[in-house]
Amino acid sequence: MSRTARSKYYVQSVTDLSDGVLRCKAYGHSWEQGPVNRFSPVGREVWVVKLRCTSCPKVRTDYVEPGTFELDNRHYTKVPGFTVIDPTDKTDLREEAIRRQRARQLNRDVPVLSERQQSA
Ligand SMILES: [Zn+2]
């Protein structure tokens with residue numbers, strides 16, 4: 001039985017990744033800071049910082065020491081279709097991301113947006 005049949009968290013190859021997940025795997029997540037709450041697990045207080053990725057469904061939770069702001073712990077949610085079964089490295093992910101973008105551009109060069117336009 002293949003691993004694809006076992007879990008919704010796997011895809012076979014980079015070509016099966018969604019555009020959003022591919023972007024994150026090739027270039028990194030784009031974290032948006034969400035709520036910060038005070039939390040006291042087993043008598044210790046920590047800041048619980050929620051961060052959501054704006055291009056895939058991943059949520060990151062940072063547990064931060066209130067006094068020093070040192071990172072105490074970090075947790076990520078699992079995202080369906082995130083893990084590639086075929087052996088894959090950053091080069092494969094970058095190649096697929098570039099191929100898809102070139103297809104969206106109809107394989108033509110286009111004007112580069114200014115930083116202000118890109119962040120809008
Ligand atoms: Zn992401």
[atom1]/[X] to [atom2]/[Y] distance, rounded to the nearest 0.5 angstrom?
X     : Y     : atom1 : atom2 : answer
Glu65 : Glu45 : CD    : CD    : 11.0 Å
Leu93 : Leu17 : CG    : CG    : 7.0 Å
Arg60 : Gln33 : CZ    : CD    : 9.5 Å
Ile98 : Leu22 : CD1   : CG    : 10.0 Å

Are [X] and [Y] close enough that some pair of their side-chain heavy atoms sits under 4.5 Å apart?
X      : Y      : result
Glu95  : Val14  : no
His29  : Leu51  : no
Arg102 : Asp109 : yes
Tyr63  : Val48  : yes

Under 3.5 Å, side chain of [X] to main-chain N/O of [Y], donor-acceptor pair present?
X     : Y     : result
Thr77 : Val59 : yes
Lys25 : Gly20 : no
Asp89 : Asp92 : yes

Exercise for review: Identify the heavy atoms of Val21 and Gly81 that sit nearest to each other, and give their distance.
Suggested key: CG1-O, 4.0 Å
Review point. If you look at every heavy atom in Phe82 and Cys56, which pair is closest and at what distance?
Key: CE1-SG, 4.4 Å
Taking atom [atom1] as the centre, does [X] end up with more than 12 heavy-atom neighbours from other residues, nucleotides or ligands that are less than 6.0 angstrom away?
X      : atom1 : result
Gln105 : CD    : yes
Arg100 : CZ    : yes
Arg99  : CZ    : no

Practice item. Group every Ile, Leu, Val, Met, Phe, Trp and Tyr by side-chain heavy-atom contacts under 4.5 Å, then state whether Val110 and Leu106 land in the same group. Key: no
Review point. Under a single-linkage definition using a 4.5 Å side-chain heavy-atom cutoff for Ile, Leu, Val, Met, Phe, Trp and Tyr, are Trp47 and Leu71 assigned to the same hydrophobic cluster?
Key: yes
Review point. Between Tyr76 and Trp31, how do the two ring planes meet: parallel, tilted or perpendicular, split at 30° and 60°?
Key: tilted
Check your understanding: Distance only, no hydrogens: is a donor on one side chain within 3.5 Å (strictly under) of an acceptor on the other, for Arg104 and Gln101?
Key -> yes
